[in-house]
Amino acid sequence: MQNFHVSAKRDQQPAAGKAFRISPAIHLNTGDLVGAFVDLPMAFDDRPSFDLVEKQPNAAEWIADKLGQLCRVTEAEDIRERPLVLPMPAAALSQADVVGRCLDAMNGARLCPQEVCFEINDAAIASSPLDISTVFRNFRQRGFRVAVDARRSCTADIRGSTWLMVDTLRIQFEDGNIPDEVMGIVDHAQAAGVAIVVEGAYWRDGDYLASLGIEYGLHPRADA
C-alpha cells in the first residue's frame with residue numbers, strides 16, 4: 001500500500017458500485033489517499049456451524065466474479081486509489097484454482113494484479129489447516145498483494161518471514177488505545193515493512209498513532 005499515493009481532499013466519499021462500496025484509506029496527517037478498501041456483500045459465513053445450512057456458492061468463482069466487476073467499475077468511475085483491497089472468503093483459500101480464476105477475471109482490464117490486494121481474516125488464518133506461507137506465496141507469485149484483517153482477532157501464528165509477504169495489516173482502534181496483543185502483531189508487521197491501517201480513529205489521534213508507527217486510517221471520524 002505504501003507504494004501508491006494519490007493526493008486528495010480529506011472528505012473524499014466512498015465510491016458506490018452495484019455490488020460493493022470503495023472506501024479510501026487515508027494518511028492521518030497529510031490527508032493523502034494511499035489505497036482503498038472494497039466492501040463486498042455478505043455471501044459466506046466462516047464461523048463453525050453444527051446445523052444444516054444453505055449451500056454456498058463456489059468461493060473461487062464468487063471472488064473472481066467480484067474482481068471482474070471491480071475492474072469494470074474502476075474504469076467506468078475513474079477510481080485511481082491503489083492498491084484496492086478485497087476481502088478473500090476463507091472458503092476460497094483451499095481452492096487450488098482461486099488465483100487462476102482471479103487472473104482470468106482481469107483479462108483485458110486496465111487494472112493489473114499488482115494493484116489488487118486480497119485481505120484474509122486473521123481468524124480464517126488461525127483456523128486454516130493450510131500452510132499460510134504457501135497460501136500467501138501463491139498469490140504473490142502471480143502478482144497479487146496480500147493483507148491481513150485483525151480487527152476482530154489476532155490469534156494467527158504468522159512467522160517473521162511470512163510477514164514479508166504481507167502488504168497491509170488492518171486493525172481496530174477503540175477507546176483511545178490499542179490492546180497489547182494487537183500491538184504485538186503490529187510490531188512484527190512494522191518490522192517487515194507492512195502498512196498498518198486503523199479503523200475507528202479520530203483525526204485528532206493522528207499524532208498519537210504516528211508515534212506508534214501507524215500512519216493510515218479508514219473511515220477516520222471528525223474530531224468531537
Side-chain angles (χ1 to χ4, degrees), residues 1-4 25 34-38 40 43-44 46 56-68 70-71 74 81-171 181-182 184-197 213 216 218:
M1 175 170 288
Q2 57 270 40
N3 294 333
F4 294 89
V34 292
F37 285 75
V38 182
L40 297 180
F44 298 88
D46 296 329
Q56 294 181 333
N58 178 286
E61 181 178 346
W62 183 86
I63 190 64
D65 177 67
K66 293 297 179 285
L67 178 56
L70 179 64
C71 289
T74 54
E81 292 81 29
R82 301 291 187 273
L84 294 166
V85 184
L86 288 81
M88 172 64 66
L93 298 180
S94 59
Q95 296 183 266
D97 62 341
V98 62
V99 179
R101 281 181 178 269
C102 288
L103 284 173
D104 290 343
M106 300 185 71
N107 281 340
R110 295 179 186 174
L111 201 66
C112 66
Q114 289 80 7
E115 297 173 298
V116 176
C117 183
F118 287 114
E119 185 179 55
I120 304 173
N121 188 279
D122 170 86
I125 296 173
S127 62
S128 175
L130 303 172
D131 175 16
I132 198 60
S133 295
T134 300
V135 173
F136 286 177
R137 191 174 299 109
N138 288 340
F139 284 102
R140 297 283 299 195
Q141 288 179 340
R142 307 297 286 276
F144 293 110
R145 298 179 180 222
V146 177
V148 174
D149 180 0
R151 288 175 296 168
R152 294 180 176 85
S153 70
C154 55
T155 58
D157 184 19
I158 302 177
R159 304 286 180 176
S161 59
T162 303
W163 279 114
L164 295 173
M165 292 186 282
V166 178
D167 180 77
T168 304
L169 171 68
R170 182 159 44 152
I171 62 173
E181 61 270 21
V182 178
I185 67 167
V186 166
D187 291 341
H188 288 298
Q190 288 175 335
V194 176
I196 314 298
V197 177
Y216 311 122
L218 186 65

Next on the checklist: For F118 and L93: C-alpha separation, side-chain torsions, deciding distance, then whether side-chain contact (heavy atoms from CB on, under 4.5 Å) applies.
Outcome noted: CA-CA 11 Å; F118 287 114; L93 298 180; over 6 Å; no
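- Nearest heavy atoms, V34 versus P83: O-CD, 4.1 Å.
- Here the shortest heavy-atom pairing between A105 and A64 reads CB-O, 3.2 Å.
- Between the CD atom in Q114 and the CZ atom in R140 there is a gap of 9.5 Å [rounded to 0.5 Å].
- Atom NZ of K66 is separated from atom CD1 of I63 by 8.0 Å, given to the nearest 0.5 angstrom.
- Between M106 and C71, the shortest heavy-atom contact is CG-SG, 4.1 Å.
- The closest side-chain heavy-atom distance from D65 to R101 is not below 4.5 Å.
- Considering every non-hydrogen atom in both A123 and S153, the closest pair reads N-OG, 3.4 Å.
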Item to check | Step-by-step side-chain contact (heavy atoms from CB on, under 4.5 Å) determination, V98 to M88 | outcome: CA-CA 10 Å; V98 62; M88 172 64 66; 4.2 Å; yes
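- A distance of 8.0 Å separates CG of L40 from CG of L70, quoted to the nearest 0.5 Å.
- With a 4.5 Å cut-off on side-chain heavy atoms, P113 and R142 do not count as touching.
- Between the CG atom in L103 and the SG atom in C112 there is a gap of 11.0 Å [rounded to 0.5 Å].
- Here the closest non-hydrogen pair linking A147 and V166 is CA-CG1, 4.3 Å.
- Not a single donor-acceptor pair under 3.5 Å links the side chain of D122 to the backbone N or O of R151.
- The structure places CG of L84 at 12.5 Å from CD of E119, a figure rounded to the nearest 0.5 Å.
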Next on the checklist: Between S133 and R159, is the side-chain contact (heavy atoms from CB on, under 4.5 Å) condition met? List the steps.
Outcome noted: CA-CA 9 Å; S133 295; R159 304 286 180 176; 5.9 Å; no
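- The main-chain N or O of A60 is found under 3.5 Å from a side-chain atom of Q95 such that the two form a donor-acceptor pair.
- The shortest non-hydrogen separation linking V194 to W163 is CG2-O, 3.5 Å.
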Checklist entry - What's the verdict on side-chain contact (heavy atoms from CB on, under 4.5 Å) for D149 and F37, showing C-alpha distance, side-chain angles and the deciding distance? => result CA-CA 11 Å; D149 180 0; F37 285 75; over 6 Å; no
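- The distance from atom CD1 of I158 to atom CD1 of I125, rounded to the nearest 0.5 Å, is 4.5 Å.
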